[in-house]
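Below: one structure, written as structure tokens.
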Amino acid sequence: MTESKAMILGCSGLALTSEEKAFYRGERPWGFILFGRNISEAGQIADLVAELRDSVGWHAPVLIDQEGGRVQRIRPPVFARYPSGQALGDLYRRDPALGLRAAWVMSRLHAFDLSSLGIDVDCLPVLDVPVEGSSSVIGDRAYGGDPQTVIAMGRAAAEGLKAGGLLPVMKHMPGHGRGFADSHLELPVVTVSRDELEAHDFPPFIAMKDELMAMTCHVVFTAIDPDNPATTSRKVIDGVIREQIGFTGLLLSDDSSMNALSGTIGERAANIIAGGCDIVLHCNGHMDEMQDVVANVPPLAGQSLARAKAVEAGFAAPDAADEAELRAEFEAMFAIV
């Protein structure tokens with residue numbers, strides 16, 4: 001099989017157009033990601049996932065941001081509305097054992113939900129550790145404001161997904177918690193010392209460095225690289241993410257169409273690869289932008305290909321958990337509707 005290209009792409013609507021089918025078949029993205037515009041009802045979602053995979057001719061990973069709270073792409077009436085990371089963290093602060101169980105059970109329920117549609121990767125857990133005054137772009141998506149809470153809850157969330165046969169994506173490496181701007185709109189610049197970053201922001205990623213996938217943040221850390229956001233920075237990716245944190249898995253960029261990044265979409269894609277990311281993530285499904293991405297993204301090769309193959313081999317059969325029992329248990333913790 002001809003190797004896939006180093007990119008994950010979105011699509012425009014509820015079903016693939018003939019143009020999209022031909023484009024994906026010819027350009028071979030490694031995976032796909034779904035957003036709210038792709039969501040109607042369960043049968044439609046499952047059909048779209050099958051169409052995406054059929055377009056590339058193999059069981060390509062299909063990703064979604066299904067965190068709970070504000071960031072939950074598939075909502076009622078298709079799936080229950082789940083609580084935010086902060087709500088889980090609040091429970092953990094009242095009762096650590098119950099909080100950890102809640103994080104695991106919610107992720108296991110996500111796995112029941114998503115696997116029923118063919119989706120096999122959830123962009124969770126959020127391992128960012130916010131500081132007071134930081135942008136609400138993370139906000140209540142975070143489990144808490146201290147690294148140890150985030151580590152404990154992040155591990156539980158990841159294990160719940162894997163127990164259900166899904167793979168997690170840690171985000172946003174090496175930490176979006178200090179961003180005082182929303183990177184969807186503008187570039188956050190973090191000016192604290194490296195010592196502060198090492199004490200507060202990096203520990204959750206170090207603790208979970210053995211996971212198979214992570215996503216970068218579009219944040220400048222002036223103590224490491226004052227000129228480039230983490231997503232396009234060799235100093236951050238090689239020196240911090242690979243060396244200091246010790247992450248050896250598949251590194252995805254955050255969305256290349258976010259306004260924190262500068263240049264054309266094609267230039268952004270080229271800079272993401274040049275900076276050391278394995279995969280360019282492009283989410284909005286705009287054909288003209290996707291054409292610019294593919295012109296600047298190589299086939300997966302070398303270490304990036306090996307990391308992608310490790311992900312492909314990393315999916316495991318789900319455990320034998322009873323979905324009804326887990327839903328009843330979770331409803332006793334949170335009133336999900």
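Glu312 and Trp30 form a side-chain donor-acceptor contact under 3.5 Å, judged by distance and modelled atom types alone. Between the side chains of Glu20 and Ser12, at least one donor N or O lies within less than 3.5 Å of an accepting N or O. For the residue pair Gln244/Arg194, the side-chain donor-acceptor check at 3.5 Å is satisfied. Glu27 and Gln291 share no side-chain donor-acceptor pair at under 3.5 Å. Remark: the Asp225 side chain and the Ser233 side chain contain an N/O donor-acceptor pair separated by less than 3.5 Å. For His282 and Ser256, the side-chain atoms include no donor-acceptor pair closer than 3.5 Å.
There is a path of hydrophobic side-chain contacts, each under 4.5 Å, that joins Ile8 to Met287. In terms of hydrophobic clustering, with Ile, Leu, Val, Met, Phe, Trp and Tyr side chains grouped at heavy-atom distances under 4.5 Å, Leu305 and Met7 are assigned to a common cluster.
Between Pro203 and Ile151, the shortest heavy-atom distance links the atoms O-CD1, 3.8 Å. Across Gly177 and Asp128, no two heavy atoms sit closer than the pair N-CB, 3.8 Å. Nearest approach of Val220 to Pro226, heavy atoms of both residues: CG1-O, 3.8 Å.
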For the pair Ile119 and Leu63, evaluate side-chain contact (heavy atoms from CB on, under 4.5 Å) and give the outcome as yes or no after the intermediate values. CA-CA 6 Å; Ile119 300 167; Leu63 292 69; over 6 Å; no

Working for side-chain contact (heavy atoms from CB on, under 4.5 Å), residues Leu197 and Val190: CA-CA 10 Å; Leu197 295 170; Val190 172; 4.2 Å; yes

Kindly indicate, with the supporting measurements, whether the criterion side-chain contact (heavy atoms from CB on, under 4.5 Å) is fulfilled by Met213 and Met170. CA-CA 6 Å; Met213 283 183 281; Met170 303 180 290; over 6 Å; no

Stepwise side-chain hydrogen bond (donor to acceptor under 3.5 Å, both in side chains) check, Ser193 with Asp195: CA-CA 5 Å; Ser193 70; Asp195 286 346; 5.1 Å; no

Show your reasoning for whether side-chain hydrogen bond (donor to acceptor under 3.5 Å, both in side chains) applies to Arg242 and Gln303. CA-CA 12 Å; Arg242 296 302 189 191; Gln303 288 185 312; over 6 Å; no

Criterion side-chain contact (heavy atoms from CB on, under 4.5 Å) on Met333 and Arg101, from CA distance to verdict: CA-CA 10 Å; Met333 304 176 195; Arg101 179 65 179 171; 3.8 Å; yes

Chi angles and distances behind the side-chain hydrogen bond (donor to acceptor under 3.5 Å, both in side chains) call for Asp278, Ser304: CA-CA 5 Å; Asp278 297 306; Ser304 294; 2.5 Å; yes

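Note on residues 137-160: pairs passing salt bridge (charged side-chain N to carboxylate O under 4.0 Å, His left out), not counting sequence neighbours, are Glu67-Arg141, Arg70-Asp140, Glu159-Lys162.
In summary, Glu323 and Arg327 engage in a salt bridge, as defined by a charged side-chain N under 4.0 Å from a carboxylate O. Using a cutoff of 4.0 Å between basic side-chain nitrogens and carboxylate oxygens, Asp254 and Lys171 are not scored as salt-bridged. Ion pairing between Lys235 and Asp227 fails under the 4.0 Å rule for side-chain N and carboxylate O.
A side chain to side chain contact (heavy atoms under 4.5 Å, CB included) with Glu289 is found for exactly one of Leu9, Ile265, Val294, namely Ile265. With respect to Leu114, the side chain to side chain contact (heavy atoms under 4.5 Å, CB included) criterion is satisfied by exactly one of Val62, Ile74, Leu161: Ile74.
The distance from the CG atom of Asp319 to the CG atom of Asp322 is 10.5 Å, given to the nearest 0.5 Å. Atom-to-atom distance recorded for Ile272:CD1 and Ser253:OG is 4.0 Å, nearest 0.5 angstrom. Interatomic distance, Tyr24 OH to Glu51 CD, rounded to the nearest 0.5 Å: 10.5 Å. From Tyr143, atom OH reaches atom OG1 of Thr149 across 11.5 Å, with rounding to the nearest 0.5 Å. Interatomic distance, CD1 of Ile273 versus CD1 of Ile279, reported as 7.0 Å (0.5 Å rounding). In this structure, the separation between CZ on Arg234 and CD1 on Ile241 is 11.5 Å, given to the nearest 0.5 Å.
For His110, there are no side-chain hydrogen bond (donor to acceptor under 3.5 Å, both in side chains) partners, not counting sequence neighbours. Applying the salt bridge (charged side-chain N to carboxylate O under 4.0 Å, His left out) criterion to Asp90, with sequence neighbours excluded, gives Arg93.
Looking at heavy atoms from C-beta onward, Arg268 lies out of side-chain contact with Ser262 at the 4.5 angstrom threshold. Contact check for Ile64 versus Ile33: no side-chain heavy atoms found under the 4.5 Å cut-off. In this structure, the side chains of Arg307 and Thr248 stay at 4.5 Å or more apart for every pair of heavy atoms. Counting heavy atoms from C-beta on, the side chains of Leu167 and Asp120 never come closer than 4.5 Å. For the pair Ile245 and Met173, the minimum side-chain heavy-atom distance is below 4.5 Å. Taking 4.5 Å as the limit, some side-chain heavy atom of Leu48 sits within range of a side-chain heavy atom of Leu34.
A cation-pi arrangement is present between Arg108 and Phe112 under the rule of less than 6.0 angstrom and at most 45 degrees off the ring axis.
Taking the six-membered ring wherever Trp is involved, the centroid distance between the rings of Phe334 and Tyr82 does not fall below 6.0 Å.
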